[in-house]
Structure formats: structure tokens, C-alpha cells
Amino acid sequence: MSRSIALTLRLWRQACPEAPGGFETHRLEAVSTDLSLLEALDQLNERLIAVGQRPVGFEHDCREGICGACGFLVNGQAHGPRAATTVCQLYLREFEDGATLTLEPFRARAFAPLQDLAVERTALDRILEAGGYCSVNTGSAPEANALLVGREQAARAFDAASCIGCGACVASCRNASASLFTAAKLAHLGQLPQGQPERSRRAQAMVQRMAAEGFGDCSSHLECEAACPKQISADWISWMQRELRRQGDNPAAARS
Amino acid sequence: MSAVLDPRIPGGPVATAWQRCREELPLISPSNKRRLRLLVVGSGLAGASAAAALAEQGYRVRLITYHDSPRRAHSVAAQGGINAARNDANDGDSVERLFRDTVRGGDFRAREAGCHRLAEISGAIIDHCVAQGVPFAREYGGTLATRSFGGAQVSRTFYARGQTGQQLLYGATQALMRQVAAGRVELLSRRDMLELITVDGVARGVVCRHQLSGELEAFTAHAVLLASGGYSNVYYLSTNAVKSNASAILAAYRRGAFLANPCFTQIHPTCIPSGDPGQSKLTLMSESLRNDGRLWLPLRAGDDRPPAAIPEPERDYFLERQYPAYGNMVPRDVASRRAQELCLAGRGVGPGGRSVYLDLAEAIEREGRPAIETRYGNLLEMYERISGEDPYATPLRIYPAPHYTMGGLWVDYQLMSTVPGLFVLGEANFSEHGANRLGASALMQGLADGYFIAPATVTAWLAGAPQPSVEADHPACRGALAAVTERIAALRARGSGGGSGGGRRPVDAFHRELGALMIEACGISRSGPALSRALVELETLRAAFASELALADHGTPIDPELEKALRLEDFVQLAELMLRDALSRQESCGAHFREEHQTPEGEALRDDARFGHIAAWEHVPGGEPRCHLEPLQFTAITPSTRSYR
Ligand SMILES: Cc1cc2nc3c(=O)[nH]c(=O)nc-3n(C[C@H](O)[C@H](O)[C@H](O)COP(=O)(O)OP(=O)(O)OC[C@H]3O[C@@H](n4cnc5c(N)ncnc54)[C@H](O)[C@@H]3O)c2cc1C
Ligand code: FES
């Protein structure tokens with residue numbers, strides 16, 4: 001049932017990367033619980049704009065939990081309290097009337113601040129650039145059914161491949177590691193026959209790049225798994241660690 | 001017929017047209033390709049695939065996107081699947097059949113040759129995506145699985161759970177990142193394209209605004225490819241991403257690229273209805289739900305009992321009643337229209353009477369909850385998150401929402417617009433879907449354009465018309481930069497309180513108003529009087545936007561409100577074209593339903609003699625847009641009337 005609630009928002013405000021940041025408090029009276037938290041921010045912004053003030057900056061686009069653009073901390077939790085949910089899909093019905101929400105940007109060495117709740121996450125793309133692909137040129141592919149992939153195997157690869165690159169794993173890790181992100185891509189490609197030829201090289205290159213971008217190591221606290229809106233399993237991180245010990249690229253190993 | 005439009009369709013039989021065309025296209029040697037620079041705008045399926053494929057051939061490519069990362073393009077949201085005529089299900093599918101379904105689905109408002117080419121290429125797309133590691137659904141034996149989608153009689157849709165678009169996009173953007181690593185693609189992210197640069201009438205670059213630094217930049221190239229997606233956000237609420245926009249295609253339009261069939265827009269029947277005025281977007285529920293869900297409304301208007309309390313005899317399964325043969329599987333436009341009609345007649349349910357039930361109860365009883373969970377688990381979870389209702393216990397509520405735009409920049413058979421050197425790919429072009437697109441065919445088209453067609457035809461253009469190099473200090477670049485600087489300054493001047501209204505209304509308020517106007521006049525159902533009225537109302541809106549906009553300058557280069565204001569200006573210009581186009585197309589075809597042109601049963605009444613054409617609109621600076629017609633010929637298929645009764 002739809003209701004109206006009042007909310008207090010404690011927001012991190014920082015006009016630009018060089019500017020000092022700090023918290024600012026705004027109160028929203030009578031917002032419908034049928035709105036998402038981002039829509040509540042939209043309403044706040046319309047109010048700020050009408051009186052000539054700078055609206056709150058935050059990242060978003062699809063608003064349906066799939067593009068990975070949104071992401072900030074709600075009361076210290078990446079994407080807020082609801083499991084398996086991006087912040088754009090977080091509806092106000094999750095909150096009590098009169099609640100106070102503290103909204104802060106993701107904080108990590110590799111994520112430079114941009115404005116208010118927005119940070120730069122392109123370091124994740126550079127990890128992919130280091131090897132997160134199968135090297136195949138357009139036009140050279142064999143007939144699709146020439147490669148048989150078992151149903152379970154395809155499903156496991158899919159599970160890992162469903163990472164949306166939002167950075168919640170990094171933001172929730174005390175070492176600001178991108179291990180879950182990196183492992184997910186390695187596990188996606190490393191479990192499929194198509195990914196075998198470059199399997200070891202890919203793992204080495206992506207992990208090296210992760211470190212070079214300023215992400216930390218994994219110390220197995222598993223906060224990343226809890227924060228992941230796509231519920232990607234932290235088991236892939238141990239899988240990745242085994243992967244790094246593999247020698248050479250051996251197609252026969254694929255089916256193991 | 002207009003002398004200006006030459007679609008360059010190869011003569012002779014449609015079935016061999018692409019093969020013959022391709023064999024005659026001129027080539028460029030790999031060493032010469034390295035000297036040629038290309039600009040691609042957009043990193044969705046169309047843009048990412050084109051950029052990757054062209055870079056693989058040796059071209060030096062720059063890719064512009066407003067996103068921080070190419071992986072976030074809205075193709076990522078496509079759920080259902082991608083069509084390919086591979087006959088994997090051994091159910092009689094073939095290139096010929098997919099070709100015919102596409103032409104018929106588009107209600108005979110697309111080019112035969114283009115539709116045939118799509119069907120021909122469809123199989124190779126699947127091969128390539130599999131080779132990239134796209135984790136498509138598989139049968140137990142390890143072969144690719146397919147499903148029947150959107151009422152197709154064959155099972156030709158390939159899918160990756162409910163996230164096909166995401167997985168195809170990751171395949172394409174990973175191919176792109178490989179080229180970035182190889183130094184052949186330079187990513188120019190977080191840029192809004194605002195202007196096209198032409199030299200002697202040929203497309204040679206674009207002007208962008210960098211979203212972080214606020215700087216305006218000119219980029220030049222030997223050819224420009226636009227793949228900036230669709231314009232459903234002209235309706236404000238749609239299934240598109242909140243920042244999806246029409247600015248790139250409008251910039252091209254203002255520089256001489258014609259916009260074709262702008263009024264052909266698709267409204268998808270199964271979306272989560274809007275609840276609150278503050279809602280910012282509509283979310284699609286995959287069409288596949290109609291395979292198992294039954295649409296119904298209470299027989300009696302105003303019946304506000306909870307759905308479970310309404311006994312069978314008092315329910316109206318309206319699609320099954322009106323279309324016994326197809327039932328709930330009628331095409332999207334038909335389902336949307338019937339649902340809207342009943343809601344307008346006061347029979348709708350939910351807030352404001354703006355939804356109909358989609359009931360899974362029978363399927364759950366027949367197959368058990370676990371089976372339904374496996375099939376639609378993710379979707380139903382999403383529904384529950386957004387609506388707060390449990391779809392296993394009570395019927396889902398759905399309502400039609402703007403979803404896809406068949407219209408777009410006019411292109412010839414080689415995907416080149418009326419501005420030489422400007423190619424348009426994916427949803428941004430008007431392409432092969434005619435007046436209505438089949439489910440799972442947009443992903444196919446975007447990837448066909450990007451992986452296979454553009455690499456051949458862009459090469460042919462550059463081989464046939466070698467372009468001198470143009471640097472960023474060329475007068476054309478300086479002129480284009482100055483035009484954008486002036487445009488932004490003008491918006492700013494009126495937005496910082498200089499306007500007579502005091503400048504207190506945020507951009508979104510205008511966008512909501514535009515959306516309401518467009519969905520009412522140019523949505524599921526259109527009529528002459530309503531369209532004419534909307535043109536007048538649009539002028540009022542334009543005037544208000546000029547005097548009441550709030551757009552203060554806070555001295556920070558990151559300025560999302562400025563980005564929105566620029567987009568809205570373009571949407572308003574596009575809206576006018578859509579209304580004019582809908583007004584002048586005095587027939588009903590596909591998704592374009594003119595109330596004056598219907599059969600006694602309320603079905604669309606096409607008029608091939610007067611409207612068997614593509615309408616392409618030319619920008620006339622300071623005047624009214626001019627319409628050019630490209631007549632359509634059908635040699636392989638005889639136009640017939642769609643019938644689902
Ligand atoms: C929710 C949903 C579900 C769908 N499901 C299916 C399906 O199951 N099957 C199917 O076949 N089709 C489906 N479609 C349709 C299909 O997804 C789209 O038509 C297709 O993905 C569009 O791809 P594109 O590459 O043309 O554009 P997009 O993926 O929209 O990419 C546009 C790109 O252009 C960039 N861009 C846009 N404007 C600018 C600008 N001014 N400056 C700089 N960059 C710009 C963006 O950053 C982005 O990178 C669905 C669509 C939606 C919305
Ligand atoms: S806005 Fe796309 S995932 Fe949240």
C-alpha cells in the first residue's frame with residue numbers, strides 16, 4: 001500500500017574534486033513510499049533548483065538495476081540495506097517514517113571523487129582492457145554450435161558474467177580491492193571453452209592491472225559478496241587465486 | 001517522389017541483393033586504413049560493435065559516449081533475446097521466413113532489400129557472439145537453446161536468461177576494450193555530442209561538451225558514425241534510460257540529415273504502470289510473460305474489489321475474447337491499444353484506473369510455482385521491488401509504455417544519411433522495422449549494422465570519395481564550436497533568472513509536461529484534431545521554456561541541469577516533427593493508429609496507394625520542415641492486411 005513518510009537526508013556535498021566536502025541536512029516531508037530513493041533525490045533537487053541552489057549530484061541512468069551507473073552509501077552500506085538491490089531500485093517503503101538516511105559517495109583510492117555522491121570508476125574498465133575478452137575478430141567465428149557448452153556450465157559462466165560494474169564490492173571492502181569484480185570476469189571467460197586460449201595470461205594481466213590502478217588485496221572479509229547487487233559469489237575470488245597459480249594456457253584444462 | 005532521396009537499393013532479385021552489392025563495394029588496403037580516422041558516437045550494441053569491427057580492420061577509431069563506461073549504454077537493459085534464422089529448432093524457420101515476418105511485422109513500411117539482408121546476416125551474429133564468450137542459454141546436450149518470442153510461430157530467439165542485451169553488450173564492449181588495448185580505439189567518454197561538423201557538405205566531425213570539465217571540444221575524422229539510440233524519452237516516461245536522448249540525431253538533422261518516419265514509435269504493452277507523479281521512468285516486464293499470463297479486467301467498470309474476490313464470470317479476458325486465435329499473444333501494438341481503450345473507458349484497475357491485470361494464477365496451478373519461478377524469477381522479483389506487490393499471490397498490474405522508436409535518421413541501403421560521410425546505425429536510424437518492430441529484432445539489427453554492414457559500406461564510401469584531412473582548427477570546426485558556445489550562453493541567459501517568469505521551473509517540470517502532451521496526442525492512438533491541438537500546445541510549452549526555465553550557473557563544470565536543458569530543447573524540436581509526421585500520415589499502419597482510419601472492428605486501415613512510402617523530413621532553417629517521400633516497392637511479398645482476429 002502506498003503511504004507518505006518524512007525523511008531526513010544527511011548528504012555529502014562537494015562541488016568539485018578540489019573543493020572541501022561536508023554533510024548537509026535536508027528534510028523531505030510527505031514523500032510517497034512508491035518512489036525510489038533516487039526519485040526522492042529528484043524531488044529534493046527540483047526544490048533546490050527552484051530557489052537557485054545547486055542540485056545534489058549523483059550517478060544514474062537506467063534506473064532499473066542493470067547499467068551499474070548508480071551507487072553510493074546509504075547509512076554506510078553500498079546501495080543501501082536491501083540485499084541484491086541497486087540503489088536505483090531501493091524504494092522508500094524500505095524505510096520507517098521519520099528515518100534519517102546518511103548518503104555518502106563510494107570511497108576508495110582508485111575511485112576519485114567527482115561531485116557530491118558521484119565518483120570516477122573508470123579504473124574498472126582499465127582492468128577489463130588488460131585482458132577481459134576473447135581475442136576473436138569479426139567474421140572469423142566458427143559455427144556457433146561447433147562449441148558445445150553444458151547447460152550448467154553456461155549457467156555458471158552467466159552468473160559470473162552478470163556483474164554490472166557498479167563498484168559496490170570495492171566500496172564495501174576495507175582494502176578497497178576489486179577482487180570480486182576481476183574474479184567475476186575471469187570466471188565468466190575462464191569457464192567457457194572460448195576463454196581457454198588466453199586463460200592464464202588473462203588472469204595475470206587483469207590482476208596486475210588491478211594492483212596498478214590502486215585497488216587493494218583481498219583479505220577474505222567477504223563484505224563484497226554481501227554488497228553485490230547481483231549476488232556474485234565470493235567463491236570466485238578463491239577460484240581466481242587458483243587460476244593465478246595455473247601454468248600456461250592449456251585448452252584441455254578447460255573441461256576440468 | 002522526391003529527387004533528393006536515392007536509397008541506392010541494388011536492382012534485381014531481393015534475395016541476392018546484399019551479396020551482389022557487397023561483391024562490388026570498393027575496398028581499401030589494410031595499410032591505408034591505418035591512415036584513416038573514424039568517429040563513432042554511442043557505445044550500445046550498434047556503436048560498440050561497429051567501432052570494434054572497424055578497428056579490427058585497422059582504422060583508427062574514436063568512440064564518444066555520454067556514459068563513464070561503454071558498458072552502460074542502454075542496450076544493457078534488453079531482456080528478451082535476439083532473433084536469428086538458423087532453424088536450430090527444426091521448426092521450418094529460414095532466412096526467407098524471417099525476412100517475410102519482418103516485412104509483414106513492419107506493416108509494409110520498410111524496404112524489402114534491407115529486411116532480407118538482416119535475416120541473411122542474423123546467423124553470423126550468433127556465431128560471432130558465441131565466439132566472444134556470450135553465455136547464451138543452452139540445452140542439456142550443450143547446443144544453443146531458443147524460444148519463441150512475441151507471438152512468432154517459430155522458435156528463433158536466442159537468449160541469456162532475462163539479460164540478453166547485457167550479455168551481448170558486454171561481448172561487444174569487451175571486443176571494444178581489446179581494441180582500446182591495441183591502441184586502435186580511443187575512448188572519449190562522458191561527452192555529449194551537440195553538433196555535427198560538415199565541410200563542403202560532408203560529415204567530418206562532431207562537437208562535444210565534456211561533462212566533467214565543461215569544455216567544448218571538436219573532433220574530426222574521415223567519416224562519422226552515429227549510433228546514439230532511440231528517442232522514446234520524448235514521452236518523458238518510457239522504458240529507456242533516464243539520460244537516453246535525441247540530441248545527436250537532432251544535431252545531424254539541423255545540419256541536413258533527413259529524419260524519417262518520426263511518428264513511428266512502439267508502445268510496449270507489458271510495463272509496470274506509473275504510480276506517483278514523481279516517478280522518473282517506466283520499467284519493462286518482458287513480453288515472454290504473455291506466454292503464460294492472461295490479461296484481464298473486471299467486467300464492470302468501477303469494480304474495486306481485490307482481484308481474488310472477483311469470480312471468473314465477472315472477469316473479461318479481453319484479448320482472448322477479441323482475438324480467439326492469438327489470444328494474449330497478439331502483436332504489441334494491438335495489445336497496447338486494447339488495454340488503453342478499456343482503461344480510457346473507465347474499466348482499468350489500480351491507481352487512477354491506469355492498469356490491467358496480467359494473471360499467472362492458471363500457469364502456477366498448471367505447472368507449479370517452481371516452474372514459473374525458474375522461468376520468470378528475476379522479472380517477478382523486480383516487479384515486487386518496484387510495486388511492493390507479490391506477483392505470485394495477486395495478478396501483476398501492467399500498462400503500455402513507450403519503448404522503441406522505429407523512426408530515426410533516414411539512411412540509404414548503405415546506412416549513409418543524406419549528409420555524405422554520415423552513417424547511422426542501430427535504433428538511431430529509421431531502418432528495417434517499418435511501422436512496427438518485431439520482438440527480439442532490435443538487437444539483431446544493431447549488431448548487423450555494427451559488425452557486418454557498416455564495416456563494408458563505410459570502407460566503400462572512403463574508397464570512393466577520398467577525403468582531405470581536416471584538423472580541429474579548420475574554420476568549420478571553429479564555426480561549429482562557436483554555434484554551440486552561443487547556444488549554451490543563450491540557455492544560460494534565460495535560465496539564470498533573466499526570463500520574465502523569474503526562471504523558477506526546473507527542466508524536468510517541462511519534460512514531464514512535454515511527455516504528457518506527446519503520450520496523449522501521439523501515443524497509442526492519434527487523431528487529426530488532437531495532433532493539431534498538440535502543435536499549438538507545443539508552442540506554448542516552448543514559450544514557457546524560454547521564459548520560466550531555472551538554470552542557474554553555480555560555477556561548477558559538472559552541471560547535470562545544463563545537460564538536461566540541452567536535451568529537452570532537442571526533444572521539443574523532435575516532438576514537433578513527430579506531430580507533423582503523424583498528422584500528414586492519414587492512414588493507420590503498424591504502431592501508428594489514426595482513429596479516422598480504422599475498420600469497423602477497430603483494426604488499423606492501411607492506405608498503400610497514398611502512403612506506401614517512407615516520409616523523410618528536411619530541416620529548413622527559419623522555415624517549416626519539408627517532407628520528402630521515398631516510395632516503397634514490394635517485389636518478393638505482396639502487401640496484405642495483418643489479421644489476428
Ligand atoms: C527495456 C528494454 C528492453 C528491450 N528488450 C529488447 C529485446 O529483448 N530484444 C531486442 O531485440 N530489443 C530489445 N530492446 C530494444 C533494444 O535494446 C534497443 O533498440 C537497442 O539496444 C539499441 O541499441 P543502440 O546501440 O542503437 O543504442 P543504445 O544502446 O541506446 O546506445 C546509445 C549510445 O549512444 C550514446 N549517446 C546517446 N546520445 C548521445 C549523445 N548526445 N552524445 C554522446 N553519446 C550519446 C549513449 O551513451 C550510448 O552509448 C529493448 C529496449 C529496452 C529499452
Ligand atoms: S541506474 Fe542503472 S543500475 Fe542503477
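Sequence lines set the chain letters: A, B, ... in the order given, protein chains first and strands last, and positions in each chain run from 1.
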> For the candidates A:R126, A:E46, A:E94, A:E120, which exhibits the highest count of non-hydrogen atom pairs separated by less than 4.5 Å from chain B?
Replying inline: A:E46
> Which atom names give the shortest non-hydrogen contact between B:E561 and A:P55, and what distance separates them?
Replying inline: CG-CG, 3.9 Å
> When heavy-atom pairs shorter than 4.5 Å are enumerated against chain A, which of B:M177, B:Q179, B:E381, B:R161 gives the highest number?
Replying inline: B:R161
> Could you go step by step and tell me if A:C16 and B:H554 meet the side chain to side chain contact (heavy atoms under 4.5 Å, CB included) rule?
Replying inline: CA-CA 11 Å; A:C16 56; B:H554 301 285; over 6 Å; no
>> Determine whether a donor-acceptor pair (N or O, by modelled atom type, separation under 3.5 Å) exists between the side chain of A:R151 and the backbone of B:R138.
In response: yes
>> Determine whether a donor-acceptor pair (N or O, by modelled atom type, separation under 3.5 Å) exists between the side chain of B:Q167 and the backbone of A:A161.
In response: yes
>> Working to the nearest 0.5 angstrom, can you tell me the gap between B:Q163 CD and A:I66 CD1?
In response: 4.5 Å
>> What's the separation between atom CD in A:Q14 and atom OG1 in B:T556, rounded to the nearest 0.5 Å?
In response: 12.0 Å
>> Whether the side chain of B:E56 engages the backbone of A:T138 through a donor-acceptor N/O pair (distance < 3.5 Å, no angle test) should be reported.
In response: yes
> In terms of heavy-atom contacts, does CD of A:E96 have more than 12 from other residues, nucleotides or ligands at under 6.0 Å?
Replying inline: no
> Which residue out of A:A146, A:A50, A:A40 racks up the most heavy-atom pairs below 4.5 Å with chain B?
Replying inline: A:A50
>> Is it the case that the side chain of A:H188 and the backbone of B:P135 share a donor-acceptor pair, with hydrogens and angles ignored and the cut-off at 3.5 Å?
In response: no
>> If you apply the rule side chain to side chain contact (heavy atoms under 4.5 Å, CB included), what do you find for B:R190 with A:T122, and how did you get there?
In response: CA-CA 11 Å; B:R190 292 198 191 266; A:T122 43; 5.8 Å; no
> From A:E129 CD over to B:L176 CG, what is the distance, rounded to the nearest 0.5 angstrom?
Replying inline: 9.5 Å
>> If you define the side chain from C-beta out and look only at heavy atoms, does anything of B:Q79 sit under 4.5 Å from A:E64?
In response: yes
> Under a 4.5 Å heavy-atom cutoff, which of B:V130, B:T283, B:I386 has the most pairs with chain A?
Replying inline: B:I386
>> Quick check on B:T239 against chain A: is it the side chain, the backbone, both or neither that has a heavy atom closer than 4.5 Å?
In response: backbone
>> As an exercise: rank A:R54, A:Q43, A:E152 by heavy-atom pairs under 4.5 Å with chain B and give me the winner.
In response: A:R54
> What distance separates B:Q132 CD from A:Q194 CD, expressed to the nearest 0.5 Å?
Replying inline: 10.0 Å
> Is any side-chain heavy atom of B:D276 less than 4.5 Å from a side-chain heavy atom of A:E39?
Replying inline: no
>> Does any backbone or side-chain atom of B:S75 lie under 4.5 Å from a heavy atom of chain A? Answer side chain, backbone, both or neither.
In response: neither
> Checking A:L90 against chain B: side chain, backbone, both or neither under 4.5 Å from a heavy atom?
Replying inline: neither
> With no hydrogens and no angle check, is any side-chain donor or acceptor of B:Q166 less than 3.5 Å from a backbone partner on A:S162?
Replying inline: yes
>> Need one label for A:F158: side chain, backbone, both or neither, based on atoms under 4.5 Å from any heavy atom in chain B.
In response: both
> Does B:E384 come within less than 4.0 Å of A:R82, counting only side-chain N to carboxylate O?
Replying inline: yes
>> If I measure from the heavy atoms of chain A, does B:Y140 come under 4.5 Å with its side chain, its backbone, both, or neither?
In response: both
> So what's closer than 4.5 Å to chain B heavy atoms on A:S135: side chain, backbone, both or neither?
Replying inline: both
> Of the non-hydrogen atoms in A:I49 and B:A550, which two are nearest, and what is the gap between them?
Replying inline: CG2-CB, 3.7 Å
> Do NZ/NE/NH1/NH2 and the carboxylate oxygens of A:E59 and B:R72 come within less than 4.0 Å?
Replying inline: no
> Distance only, no hydrogens: is a donor on one side chain within 3.5 Å (strictly under) of an acceptor on the other, for B:T143 and A:N145?
Replying inline: no
>> Evaluate B:K243 against A:H60 for side chain to side chain contact (heavy atoms under 4.5 Å, CB included), listing each step before the verdict.
In response: CA-CA 8 Å; B:K243 298 182 187 177; A:H60 66 100; 3.7 Å; yes
> Could you state the interatomic distance from CG (A:L114) to CD (B:Q211), rounded to the nearest 0.5 Å?
Replying inline: 10.5 Å
>> Can you tell me which portion of A:A155 sits under 4.5 Å from chain B's heavy atoms? Options are side chain, backbone, both or neither.
In response: both
> Do B:R178 and A:E198 pass the salt bridge (charged side-chain N to carboxylate O under 4.0 Å, His left out) test, and can you show the C-alpha distance, the side-chain angles, and the key distance before you say yes or no?
Replying inline: CA-CA 13 Å; B:R178 173 173 167 245; A:E198 300 166 283; 5.8 Å; no
> So which of B:S387, B:G555, B:G165 has the largest heavy-atom pair count under 4.5 angstrom toward chain A?
Replying inline: B:S387
>> Out of B:A182, B:P506, B:A137, return the one with the most heavy atom pairs under 4.5 angstrom to chain A.
In response: B:P506
>> Between B:I558 and chain A, with a heavy-atom cut-off of 4.5 Å, which part of the residue counts as in contact: side chain, backbone, both or neither?
In response: both
>> Measuring from atom CG of B:D68 to atom CG of A:D125, what distance do you get when rounded to the nearest 0.5 angstrom?
In response: 7.0 Å
> Minimum heavy-atom separation for A:A141 to B:A131, with atom names?
Replying inline: CB-CB, 3.7 Å
> Which answer fits B:E139, side chain, backbone, both or neither, if we ask what part of it has an atom under 4.5 Å from a heavy atom of chain A?
Replying inline: both
> Looking at A:L124, A:T85, A:L128, A:D42, which one has more heavy-atom pairs under 4.5 Å with chain B than the rest?
Replying inline: A:T85
>> Counting heavy-atom pairs closer than 4.5 Å to chain B, which one of A:V51, A:L148, A:V31 comes out on top?
In response: A:L148
> Quick one: of B:A181, B:A53, B:S189, B:P70, who has the most non-hydrogen atom pairs under 4.5 Å with chain A?
Replying inline: B:A181
>> Counting only non-hydrogen atoms closer than 4.5 Å, does A:C88 touch chain B with its backbone (N, CA, C, O), its side chain (CB onward), both, or neither?
In response: neither
> Out of B:Q57, B:R86, B:H74, which one racks up the most heavy-atom pairs below 4.5 Å with chain A?
Replying inline: B:R86
> In terms of heavy-atom proximity below 4.5 Å to chain A, should B:S69 be classed as side chain, backbone, both, or neither?
Replying inline: both
> Between B:D88 and chain A, which part of the residue has a heavy atom less than 4.5 Å away: side chain, backbone, both or neither?
Replying inline: side chain
>> Can you tell me which portion of B:Y66 sits under 4.5 Å from chain A's heavy atoms? Options are side chain, backbone, both or neither.
In response: side chain
> Can a salt bridge be assigned to the pair A:D61 and B:K281 using a cut-off of 4.0 Å between side-chain N and carboxylate O?
Replying inline: no
> So, for B:D127 and A:A144, which heavy atoms are closest and what is the spacing to 0.1 Å?
Replying inline: OD1-N, 2.8 Å
> Just wondering, do A:S32 and B:Q279 contact through their side chains at under 4.5 Å, heavy atoms?
Replying inline: no
> So, A:R63 and B:S280: side-chain donor and acceptor under 3.5 Å apart, yes or no?
Replying inline: yes
